[in-house]
Amino acid sequence: MKNEVPLHLLMVQSDDAIKELQRQRMLLQIEYYTEKEAFRRQTELTGLQRLIHRGDAWFPLHVGKSYYNSLNQLTVEVTRPEEDSDNDHNFEYGRPVTFFRTTPALKYFSFTGTVSYVDGNRMVVAVPDGTQLSDLQTDNEQLGIQLSFDETSYRLMFDALDRVIAAKNNRLAELRDFIYQQGKREPRKQEPRHQVTQTPHISLPWLNPTQEKAVNEVLRTKDVAIVHGPPGTGKTTTLVEAIFETLRRENQVLVCAQSNMAVDWIAEQLTDRGINVLRIGNPSRVNDKMLSFTYERRFEAHPDYPQLWSIRKAIRELRSQRKRGSESWHQKMDRLRSRATELEVRIHTELFDEARVIACTLTGAANKLMDGQKFHTLFIDEAAQALEAACWIAIRRASRIILAGDHCQLPPTVKSLAALKAGLDKTLMERLAGNHPEVVTLLEVQYRMNEEIMRFSSDWFYQGKLKSAPQVRNRSILDFDIPMEWRSLSLDIPSEDKLGEAKKGQSLINEQEAEETLNILQRYFEKIGKTRILEERIDVGIISPYRAQVQYLRSLIKRREFFKPYRKFITVNTVDGFQGQERDVVIISLVRSNNDGQIGFLRDLRRMNVAITRARMKLIIIGDASTMTRHPFYRKLWEYIQALQNL
């Protein structure tokens with residue numbers, strides 16, 4: 001057969017793949033120690049107010065009720081003060097946390113909890129069984145909670161890499177060797193199964209040609225396919241359609257993503273299509289719709305759950321009795337545990353058997369609830385934002401892999417400069433696209449931006465291949481408006497010593513630029529008119545790469561009376577915070593201003609690609625052109641915008 005490779009070549013390919021994976025493991029080890037040390041230093045050297053400001057701590061903390069959840073975990077509810085509502089925080093499902101008390105001196109509790117879910121100012125934390133909660137429920141005013149270093153995610157990634165490296169004569173080894181080969185074997189196509197008649201090409205007229213092609217490639221591949229979705233090209237729409245069509249041929253699929261938010265978004269889209277989704281883990285947005293397809297809620301809703309709850313309660317009461325040494329006590333305990341296990345297994349099996357889609361984060365694929373689960377097809381969304389090691393956690397459960405994302409947008413977060421320079425941020429999607437470009441389908445029609453906003457990104461990042469859908473090509477808010485502007489401020493700042501620093505942190509504040517950002521927005525709003533803004537609900541995104549600038553801009557908007565009627569239409573966030581979102585108007589505050597042309601992490605052009613492609617109709621960049629244009633990307637962007645203004 002033409003796809004077969006000689007045995008001696010396969011052995012060479014396996015050796016090459018294993019060496020590269022071992023190298024990745026070493027880089028991940030460097031990243032692990034770097035992040036762990038940084039976390040230790042931050043905890044020891046950073047004051048409590050700074051931790052709160054960064055969103056890594058809640059203080060003071062009120063401890064509410066405690067109870068056992070449907071997974072039989074001891075949980076405790078905690079809330080933070082109402083006045084902290086506007087402060088962003090980094091607490092989310094699955095993250096480890098530790099409690100502390102501030103009197104007489106800062107003291108940490110000996111146990112570690114795990115966030116079960118967060119809803120506004122309320123959080124539920126799972127704690128080890130047997131934890132003395134009375135210690136938490138006294139002196140609430142002196143109690144706080146902060147994030148702990150996440151050992152679990154690293155442990156799962158190391159374990160996944162070890163499994164891939166050790167794999168022999170199985171599907172995991174085949175996938176590993178295929179991904180690391182450079183064009184030595186063509187991807188195999190699915191063969192028609194006797195029980196299903198598969199057509200060579202299915203027509204999906206509600207999709208555009210490249211979206212339709214992507215779905216068909218997903219259905220045909222036996223190994224791996226990539227759906228490359230630049231901004232606004234309908235990647236999620238295409239992925240949902242591919243999953244829907246796959247489920248016509250398969251009973252169940254696994255859908256993963258790097259973040260809880262991305263898992264929630266695609267799970268919600270699939271649910272809206274009438275697909276039974278079982279969400280492992282809790283959603284980032286806590287509402288009835290999102291919670292309704294979580295494992296925990298489905299478990300609680302099962303007809304057998306009340307009986308199971310009663311048995312668990314009886315077990316806890318029996319544990320508290322003093323006659324533990326008696327034979328009758330042990331016999332009764334054994335009977336109760338056996339019955340509880342029987343019910344748990346029955347409920348669990350029924351939930352998994354009924355679900356068509358199992359949805360979780362990449363690390364969630366290692367959840368003990370997933371033990372023994374195998375899938376023919378795995379879909380990974382946000383694949384370009386995930387470390388390769390994280391992808392392998394989920395891949396070991398599947399026979400074929402579909403990756404979706406855009407490696408020209410936000411990369412994985414890597415904190416070790418040495419690991420970054422050595423290539424730890426090179427994702428599985430990027431590696432596969434380089435080794436096997438034939439498995440990639442680029443979505444080419446975008447439905448978000450005015451043509452002139454899109455064109456620069458298309459030319460720089462996507463070889464000019466993107467096209468605007470007719471309905472958005474000339475979209476604008478004002479007649480004869482210029483879709484893109486760059487306001488270069490003459491701030492007369494000789495060095496960044498004059499830029500504000502956020503409480504001795506790394507994040508910069510440019511106060512003059514922040515004030516001018518709001519002045520520019522106010523003048524633009526005055527041109528549009530209050531009535532039209534409110535009636536048409538024209539929304540605005542203010543983006544800055546620096547968290548301190550974001551927080552300063554938010555405080556200015558609160559203080560400025562003019563923006564009071566419009567506050568619900570204005571979102572201020574970092575580039576990462578705007579990933580996957582869009583607004584009618586986007587203003588970018590670049591912050592950097594110095595004589596040396598130093599632009600820090602603004603050199604990561606993928607972040608700027610995200611920032612400039614959030615705008616539907618109007619993009620305004622605010623920044624010191626003399627600083628920024630020393631970099632060729634920003635010089636080209638400046639020249640492009642100047643040319644638009646001179647048309």
Side-chain angles (χ1 to χ4, degrees), residues 54 230-231 384-385 406-417 420-421 424-425 453 456-462 484-491 493-502 505-517 520 541-553 571-581 583 586-615 619-642:
R54 287 172 57 93
Q385 285 184 258
D406 180 12
H407 47 274
C408 299
Q409 293 190 63
L410 289 179
T413 300
V414 176
K415 297 185 177 178
S416 164
L417 189 58
L420 184 67
K421 287 182 176 179
L424 184 61
D425 66 333
I453 298 175
F456 181 81
S457 173
S458 175
D459 289 346
W460 187 277
F461 294 100
Y462 307 104
M484 296 177 76
E485 297 179 44
W486 185 327
R487 306 287 184 88
S488 181
L489 304 183
S490 300
L491 297 178
I493 298 177
S495 75
E496 282 184 357
D497 292 339
K498 294 191 178 181
L499 287 183
E501 273 198 272
Q506 296 294 316
S507 194
L508 296 170
I509 298 174
N510 188 325
E511 295 181 0
Q512 290 174 268
E513 185 173 289
E515 292 280 359
E516 188 57 24
T517 296
I520 289 168
I542 302 178
I543 303 176
S544 179
Y546 295 94
R547 178 183 287 194
Q549 184 81 343
V550 164
Q551 291 173 335
Y552 186 66
L553 281 161
T571 308
V572 188
N573 215 328
T574 60
V575 181
D576 297 54
F578 268 102
Q579 171 80 346
Q581 299 185 43
R583 296 292 187 273
V586 166
I587 302 179
I588 304 172
S589 169
L590 294 175
V591 176
R592 304 306 293 251
S593 183
N594 56 70
N595 289 332
D596 306 318
Q598 297 296 321
I599 61 172
F601 77 117
L602 291 178
R603 288 191 301 270
D604 187 342
L605 305 183
R606 292 171 292 188
R607 278 192 157 73
M608 279 310 297
N609 186 34
V610 172
I612 65 179
T613 56
R614 300 307 95 193
L619 174 67
I620 302 172
I621 297 171
I622 302 172
D624 184 351
S626 64
T627 297
M628 301 303 303
T629 55
R630 298 192 195 187
H631 189 286
F633 171 85
Y634 294 97
R635 183 168 62 252
K636 192 75 173 176
L637 179 58
W638 169 265
E639 291 168 353
Y640 176 82
I641 293 173
Q642 298 313 301

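Fair warning: this is a prediction, and the values are worked out from it, not measured in the lab.
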Under 3.5 Å donor-acceptor pairs involving side-chain atoms of residues 632-639, not counting sequence neighbours:
unit_1 : atom_1 : unit_2 : atom_2 : d
Y634   : OH     : L602   : O      : 2.7
R635   : NH1    : T629   : O      : 3.2

Please check if the side chain of R614 supplies one atom and the backbone of R583 the other of a donor-acceptor pair under 3.5 Å.
no

I587 CD1 to I621 CD1 distance, which is reported to the nearest 0.5 Å:
11.5 Å

Quick one: does any side-chain atom of S589 pair with a main-chain N or O of A514 as donor and acceptor, under 3.5 Å?
no

Of all heavy-atom pairs linking V575 and A611, the shortest is CG1-N, 4.2 Å

From CD1 (I599) to CE (M628), nearest 0.5 Å:
4.5 Å

Do you know the tightest heavy-atom contact between N609 and Y462?
ND2-OH, 3.0 Å

Rounded at 0.5 Å granularity, tell me how far CD in Q551 sits from CD1 in I509.
8.0 Å

Heavy atoms of A615 and L619 approach each other most closely as CB-CB, 4.1 Å

Paired with S544, the side chain to side chain contact (heavy atoms under 4.5 Å, CB included) test is passed by just one of V550, I622, T574, namely V550

Over all atoms of both residues, closest heavy-atom pair of F578 and T571
CZ-O, 3.6 Å

Side chains of I641 and F456: closer than 4.5 Å at any heavy-atom pair?
no

Checking W486 side chain against Q642 main chain: does a donor-acceptor pair fall under 3.5 Å?
no

Salt bridge or not between D576 and R607? Use side-chain N to carboxylate O under 4.0 Å.
yes

Calculate, to the nearest 0.5 Å, the distance between atoms CD and CD belonging to Q579 and Q581 respectively.
9.5 Å

Check: E513 side chain, L590 main-chain N or O, donor-acceptor pair, under 3.5 Å
yes

Kindly give the heavy-atom pair with the smallest separation between T627 and S593, and that separation in Å.
OG1-CA, 3.5 Å

About how many Å separate CD of Q385 and CD of Q409, when rounded to the nearest 0.5 Å?
8.0 Å

State whether the side chain of N594 and the backbone N or O of D596 hold a donor-acceptor pair below 3.5 Å, judged by distance alone.
yes

Min side-chain heavy-atom separation W460-L605 under 4.5 Å:
yes

Can you measure from CD1 (I620) to OG1 (T517) and round to the nearest 0.5 angstrom?
9.5 Å

Considering all heavy atoms, the nearest A625-S488 contact
N-OG, 3.0 Å

